[in-house]
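Comments concern the structure below.
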Amino acid sequence: MTWIADIIVDVPAMQTDQPFSYEVPDHLVDVVEVGLRVEVPFGNGNRHIQGFIVGLRETLETEVELKAIIGVLDLHPVLTHELLALADEMKETTYSYKITCLQTMLPSVMKSSYTKYVTQTDKALPKIIEEELFLGLAEIEWEQAQESPHFAELLRLKKTGHVDIRYEVTTKNKVKTKRVLKKVMTNEQLQAERENLRKNAVQKWRLLSFLLEIDEAEHGIKEVMETHDISNSAINDGKKLGWLTIEEREVYRDPYALHQFKKDEPLVLNSEQQEALDTMKESMDASKSDVFLLEGVTGSGKTEVYLQAIAHCLAKGQTAIMLVPEISLTPQTVTRFKKRFGDDVAVLHSGLSQGEKYDEWRKIERKEASVVVGARSAVFAPLENIGLIVIDEEHEGSYKQDETPRYHAKYLAIWRGNYHHCPVLLGSATPSLEARARAQKGVYRLLILNERAVSKATLPIINIVDMKLEMKNALSTSFSNQLLEKLKERMEKKEQSVLMLNRRGYSSFVMCRDCGYVLPCPNCDISLTLHMDTKQMKCHYCGHEERIPYRCPICDGDKIRYYGTGTQKIEEELKELLPDARVIRMDVDTTRKKGAHEKLLKQFGAGDADILLGTQMIAKGLDFPNVTLVGVLNADTALNLPDFRASEKTFQLLTQVSGRAGRGDKSGEVVIQTFNPDHYAIQLAKNQEYEPFYQHELKLRHRGNYPPFYFTTQLVVSHEEEHLAAKKMFEIVHFLKGFLSPNAIMLGPTPKSVARMNKRYYYQTVIKYKNEPELSKGLKVILEESQKEMRNGLRITIDMEPQHFI
DNA sequence: AGCACGCCGACT
DNA sequence: GTCGGCGTGCTC
């Protein structure tokens, strides 16, 4: 009888994307478990790599000679059966390798790195090699050896057995420890020790006095040394003299250790909130895997509903996951959860260091936290007995990962909801068309919050400024008179303003400054993109091309301009227009450093600035009572992106940013500068009219055969040579047509809007379809082929339901 | 991926 | 006749 383990090895390739069988050596039989990471030999040579056990079986007949597992990397499984099954789902739906999916589910420190060494054997080496390569050492790193002029000689010595190759698998998941002391003597004994001290033994006297004060509990040595001014050597002496014991204790790197969270109580819900909560509770109690869409205007108190629903699930002894978009995982959000649930909360987001992430993960795994708040990847939290999964701002594109594996956290959350027989709650003020349509069809259950729950505070007054008129008045800056006046007003009243510059679509289109006209594609409902390199306007969906116009085809004006601007330029303009204004600029440049984001917001919150100027990142979750003015400098840019979601994104952004004004007692005002004041996305955002927007947009999607009526799949091919990328893209399209019915629509192949990135040319094709059972077979062949094509410098990606088309 | 094998052209 | 270039195929 032998135990065999089926193992997924750390080789992300098509040919190795399957379990390999290994023998479990006797000494590991009691340790191995499904979900454990192990070190295994793989391939010829004695290369060692990491693997995941995905199956264990006992067998009588000795199959083909199997290699044996070398050792384990964990003492307990790091992936549950559930997460292993989820990895299968992910692999199938994202066209990626199983090993990539498994690694994505774990903190990055658990990914192995490999080092290769050249070691000496008992056979003597030539003197020159010994002296100039090994430098007297028993072994050296392979990478170093490769650079040496003696490398060729080394290879020969390897063949003759004079040197060996050793592979090392290392994983960085180190636990942080701290030293603690515990007294072992009775107070009488300690007292006696103290009396016997020499007069000048000040340190020991202090230590003994300290030990006399304390009880039998453990005390952190670092803290004792600091607070009682006792040296490390005195403590070590104390150990030798038998006064105390020293031990190492594991500690968590708690990023919130310095914060104090005062416990708060649930708020009283209004009748709408209560109704929504009751419906949720009913579903939770009946263990139904319902998906709810909670549609609530900004300020309707969605978060309080989440908190109380989660509290209900904890009260039943279950656990919960709360996903929030990366960008809005502000200290404010975290605080709200920590205040309600205390240490029961684990937080996972990209602002944490690798070690901190690992520790939060460990806290969850050890069942020391039952609520997980985090960004996209928190959907993989190793919780058991989940009772509820909440996805806040459900419409956010950041729930989809834009590199392999291109999973969508929303759909994986729903998968987990099914597995645990628990509901999933999607919340948004501006639901995605996809989610809202599913609610309409009854696939999701719709819950609506119409009332503002917080202060019955009025909706902010929203002013739309027609920048075309401003331009006629020879405006030379990015600020309309109206916005500038209002900014001055706030400064006089010592109130604060937030200015948002929409950076999406930077400079990528041309627009008539007289009438706001943007060149559309004659075949698709989107605008054309400017390609300066070829001096052409191109459609990224169907490939249509035309010249850059120099006169506006509508008003015949000649003020056709490339459109786009940056935060730095705006800041300079502000300095000239309002020299006294204190401005905090927040964009990718000023927030790159860890903690910078938080720091800037803190400064602004403390009133250290009059104006917060930033990009999209300031649109969400900020809650500053003294902000009474929000200005959107350029509402149009996102609108003109060659993306069928352009209107949706603009509407969502404007609705959200408007919600930033007037959070306190003072009422707020919003100024939206636009060249398209009559566009439905802008007009409907003005009064936060989601329903009419949804209805209107849905019609357009229907007409254009876009989601939610059609599924979309994007294929991208890139190569350093443009014609090779194009050629391959055409071949793929031709090939895929054999797997598609005539109902499927192909857009492309076309070059991508940024046709050349990092010296590579990109071509893309988008397939729109309703029901194509053969498509996945075709895509799997493409995936297989992409592996081989790598050798020819081609990169091929498959993106199911892409979020961005640029 | 990464390693070995094998077949080819360029050297002593 | 050997060294080393890269194309090909396999890894429990």
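Just so it is clear: chains get the letters A, B, ... in the order the sequence lines come, proteins before strands, and each one is counted from 1.
- Under the side-chain hydrogen bond (donor to acceptor under 3.5 Å, both in side chains) criterion, A:K91 pairs with A:D17, sequence neighbours left out.
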Would you tabulate the nitrogen or oxygen pairs shorter than 3.5 Å linking the protein to nucleotides 6-12 of chain C?
{"residue": "C:dG9", "atom": "O6", "partner": "A:R791", "partner atom": "NH2", "Å": "3.3"}
{"residue": "C:dT11", "atom": "O3'", "partner": "A:G43", "partner atom": "N", "Å": "3.2"}
{"residue": "C:dC12", "atom": "OP2", "partner": "A:K67", "partner atom": "NZ", "Å": "2.5"}
{"residue": "C:dC12", "atom": "O3'", "partner": "A:S21", "partner atom": "O", "Å": "2.7"}
{"residue": "C:dC12", "atom": "O3'", "partner": "A:K67", "partner atom": "N", "Å": "2.9"}
{"residue": "C:dC12", "atom": "O2", "partner": "A:S21", "partner atom": "N", "Å": "2.5"}

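- First and last contacting nucleotides of DNA chain B toward chain A (any atom under 4.0 angstrom from a heavy atom, 5' to 3' order): B:dA1 to B:dA4.
- Applying the salt bridge (Lys or Arg N to Asp or Glu O under 4.0 Å) test to every pair with at least one member in residues 1-14 of chain A, sequence neighbours left out, gives these pairs: A:D6-A:R57.
- Within the structure, ring-ring contact (aromatic ring centres under 6.0 Å, His included) pairs that include any residue of residues 138-157 of chain A comprise A:W142-A:F151 (at least two apart or interchain).
- Applying the ring pair (Phe, Tyr, Trp, His ring centres under 6.0 Å) rule to A:Y97 yields no partners; only residues at least two apart in sequence or on another chain are considered.
- Partners of A:Y117 under the ring pair (Phe, Tyr, Trp, His ring centres under 6.0 Å) rule, at least two apart in sequence or in another chain, do not exist in this structure.
- Residues from residues 149-170 of chain A lying near DNA chain B, meaning a heavy-atom separation below 4.0 Å, are A:K158, A:Y167 in numerical order.
- Every residue meeting the side-chain hydrogen bond (donor to acceptor under 3.5 Å, both in side chains) condition with A:R37, not counting sequence neighbours, appears here in chain and number order: A:D74, A:T171.
- For residues 92-114 of chain A, every residue pair satisfying the salt bridge (Lys or Arg N to Asp or Glu O under 4.0 Å) rule, not counting sequence neighbours, is listed here: A:D88-A:K98, A:E92-A:K780.
- In this view, A:S112 and A:Q50 satisfy the side-chain hydrogen bond (donor to acceptor under 3.5 Å, both in side chains) rule, not counting sequence neighbours.
- A:Y95 meets the side-chain hydrogen bond (donor to acceptor under 3.5 Å, both in side chains) test with no other residue; sequence neighbours excluded.
- A salt bridge between A:E785 and A:K728 is present, with a side-chain N of the basic residue lying under 4.0 Å from a carboxylate O of the acidic one.
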